[in-house]
There are 2 protein chains.
Amino acid sequence: MIATSEKTVREDKHCPHNAAINCTNCRLSGICLPLALEQDEIVQLDEIVQRGRPLQKRQHAYREGDTFTSVFAVRSGSFKAYSVTDTGEEQVTGFYFPGEIMGMDGIGQNRYASSAQALETSAICEIPFSRIQELSGRLPNMQGHFFRLLSQEIVEDQRHMTLLSKNTAEQRVASLLISISARNARRKLSPNRFRLPMSRGDIGHFLGLTIETVSRVFSRFAKQGLIEIENKDVSILDVPALQHIAAQED
Amino acid sequence: MIATSEKTVREDKHCPHNAAINCTNCRLSGICLPLALEQDEIVQLDEIVQRGRPLQKRQHAYREGDTFTSVFAVRSGSFKAYSVTDTGEEQVTGFYFPGEIMGMDGIGQNRYASSAQALETSAICEIPFSRIQELSGRLPNMQGHFFRLLSQEIVEDQRHMTLLSKNTAEQRVASLLISISARNARRKLSPNRFRLPMSRGDIGHFLGLTIETVSRVFSRFAKQGLIEIENKDVSILDVPALQHIAAQED
DNA sequence: CGTTCCCTTGACCGTGGTCAAGTGCAGTGG
DNA sequence: CCACTGCACTTGACCACGGTCAAGGGAACG
């Protein structure tokens with residue numbers, strides 16, 4: 001019995017979808033919420049984190065307009081956050097990968113300002129915001145970390161505003177590739193070979209481009225030998241060149 | 001002596017640039033930080049707020065890259081927040097009017113991600129962030145209000161992302177006019193007649209348009225009888241029509 | 001194995017950017 | 001008081017990037 005139980009635990013550590021994981025043993029603790037917390041504080045955080053079953057592709061973690069209750073940490077898989085304009089067009093406001101926190105746009109109005117949809121089978125940790133507030137009142141580290149998280153989202157959104165208002169199609173696509181590559185590196189995955197979990201349409205709706213333009217830019221990059229792309233699998237062949245393009249030099 | 005002092009106090013109430021005002025008697029208390037606080041909590045906030053001399057046009061409240069210490073409430077006048085791209089172009093990330101809080105983009109990295117420049121003679125309240133954190137630890141209202149403020153900035157930035165990625169030049173300009181009009185209304189100023197404190201260039205750098213396009217759209221709106229515009233003085237003649245355009249209906 | 005959706009590619013077009021010239025207002029100095 | 005300078009804004013002519021429309025191919029799902 002004991003042996004079986006131990007085996008189960010060991011399996012947990014290897015299966016990122018498994019719910020029987022906690023913040024202390026989660027391999028994302030170095031980049032996720034626990035980042036700024038002491039060991040005993042992480043234990044307290046752990047007690048309020050709810051880990052549900054994995055979400056299938058296209059399922060939502062929350063939807064635009066829903067009453068805000070929780071923020072969510074991505075444990076495995078990936079999400080897009082998007083809102084729908086008056087004319088029914090979709091604006092993707094961000095992509096979320098493991099260790100990243102989504103749903104913070106709901107705090108201000110007590111309802112989510114965007115929807116979060118799984119781009120593939122994904123697992124999330126739900127963290128009720130009322131508990132975060134309560135915990136933040138007691139743990140200055142927690143409060144500070146959350147202020148920082150919110151502020152960083154602002155900074156990222158403002159960078160994206162700049163991207164949308166100043167950059168060409170090629171610069172936008174290059175920036176996204178560099179960004180995903182860097183986030184993979186942070187999770188100790190290959191920064192040069194990865195699978196894009198989102199569709200061309202999602203990319204377009206994120207970058208302010210049409211699906212056709214995204215496709216054309218990928219083709220052009222491939223023709224120039226900067227990347228290899230086969231459907232959703234990308235290899236970045238010339239990182240410096242892409243960075244050069246993304247940094248809008250010239 | 002006493003009479004003189006009383007006279008001074010009375011003048012304070014009428015001159016928005018004057019520093020001898022506190023959060024309790026400030027006529028912006030209904031829309032500024034005190035919004036969510038109890039009377040005795042406002043007194044505590046008041047103790048940490050620093051009120052300096054007015055800033056002249058073109059002076060900065062803080063600069064991109066400066067070490068982050070404080071957030072700022074605009075007391076009078078107006079500001080633009082902007083950052084400079086690698087290629088030296090300016091991206092205006094927001095305009096700030098009395099009662100609004102700026103500088104929150106500095107929390108995450110401990111340095112300001114943008115610069116805040118006065119568009120006219122303006123007064124600000126400086127609020128050291130360390131004191132806000134300390135106060136937030138003690139006053140749940142304060143913590144909650146700050147979480148909300150940060151979140152609302154995220155939501156606004158995401159709306160602006162949508163504007164930049166989906167809307168035409170006319171929709172962008174109409175949106176800005178409607179936004180300024182609404183913020184004026186909140187401060188009990190005329191929503192139909194006001195002076196634009198920022199230049200055409202600032203507007204362009206905010207809306208992702210060139211100065212020429214901004215100018216052309218203003219001219220077109222005037223020709224259509226939607227607005228009257230003479231230099232920086234605008235009269236909105238047909239609010240519904242502008243709202244209609246801004247809402248990207250057709 | 002078939003249907004459907006996603007993606008690619010091509011031809012054409014339009015919005016807004018670029019370049020350039022001109023106007024008018026503000027501030028300065030004679 | 002007016003002339004001079006300079007900057008902000010306006011307006012026009014032209015152009016290019018990316019959007020639109022259309023057709024066809026190929027992967028993924030049932």
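Letters A, B, ... are given to chains in the order of the sequence lines, protein chains preceding strands, and every chain is numbered from 1.
- Residue T213(A) has a polar side-chain atom (N or O) positioned under 4.0 Å from OP1 or OP2 of dG19(D).
- For the pair L163(A) and Q171(A), the minimum side-chain heavy-atom distance is 4.5 Å or more.
- Using a 4.0 Å cut-off on heavy atoms, the residues of residues 194-209 of chain B that approach DNA chain C are G208(B), L209(B), listed by number.
- Going from atom CG of N167(A) over to atom C1' of dA16(D) covers 17 Å, rounded to whole Å.
- Ring pair Y112(A)/F72(A) is tilted by interplanar angle, where 30° to 60° counts as tilted.
- In this structure, N231(B) places its CG atom 11 Å from C1' of dA26(C), rounding to the nearest Å.
- For E212(A), whose side chain is taken as the heavy atoms from C-beta onward, the closest listed nucleotide among dT9(C), dG18(D), dC19(C) is dT9(C).
- The environment of CZ in R159(A) is sparse: at most 12 heavy-atom neighbours from other residues, nucleotides or ligands sit within 6.0 Å.
- Set against dA20(C), dG10(C), dG17(C), the side chain of R216(A) has dG10(C) as its closest nucleotide.
- A distance of 5.0 Å separates CE in M104(B) from CD1 in I154(A), rounded to the nearest 0.5 Å.
- Atoms CD1 (I229(B)) and P (dC25(C)) sit 14 Å apart, rounded to a whole Å.
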Show me the donor-acceptor pairs, under 3.5 Å and distance only, between side chains in residues 211-234 of chain A and residues at least two apart or in other chains.
residue, atom, partner, partner atom, Å
T213(A), OG1, T210(A), OG1, 3.0
S219(A), OG, S215(A), O, 3.0
R220(A), NH1, E170(A), OE2, 2.6

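- Rounded to whole angstrom, the span from the NZ atom of K232(B) across to the P atom of dC7(D) amounts to 15 Å.
- For dT9(C), the OP1/OP2 oxygens have no side-chain nitrogen or oxygen of S215(A) closer than 4.0 Å.
- Nearest nucleotide to the side chain of A169(B), out of dG18(D), dT18(C), dG16(C): dG16(C).
- Nucleotide dG26(D) holds its P atom 12 Å from the CD atom of E230(A), rounded to whole Å.
- Under the side chain to side chain contact (heavy atoms under 4.5 Å, CB included) criterion, A113(A) pairs with D105(A), V155(B), sequence neighbours left out.
- The nearest whole Å value for the distance from the CD1 atom in I211(A) to the C1' atom in dT8(C) is 10 Å.
- At distances below 3.5 Å, not a single donor-acceptor pair connects side-chain atoms of H160(A) with backbone N or O atoms of E156(A).
- Where K57(A) and V214(B) meet DNA chain D, the nucleotide closest to each residue was compared, and V214(B) sits on the side nearer the 5' end.
- Note: CZ (F218(A)) to C1' (dC6(C)) measures 14 Å, nearest angstrom.
- Remark: P of dC29(D) and CD of Q56(A) are 12 Å apart, rounded to the nearest angstrom.
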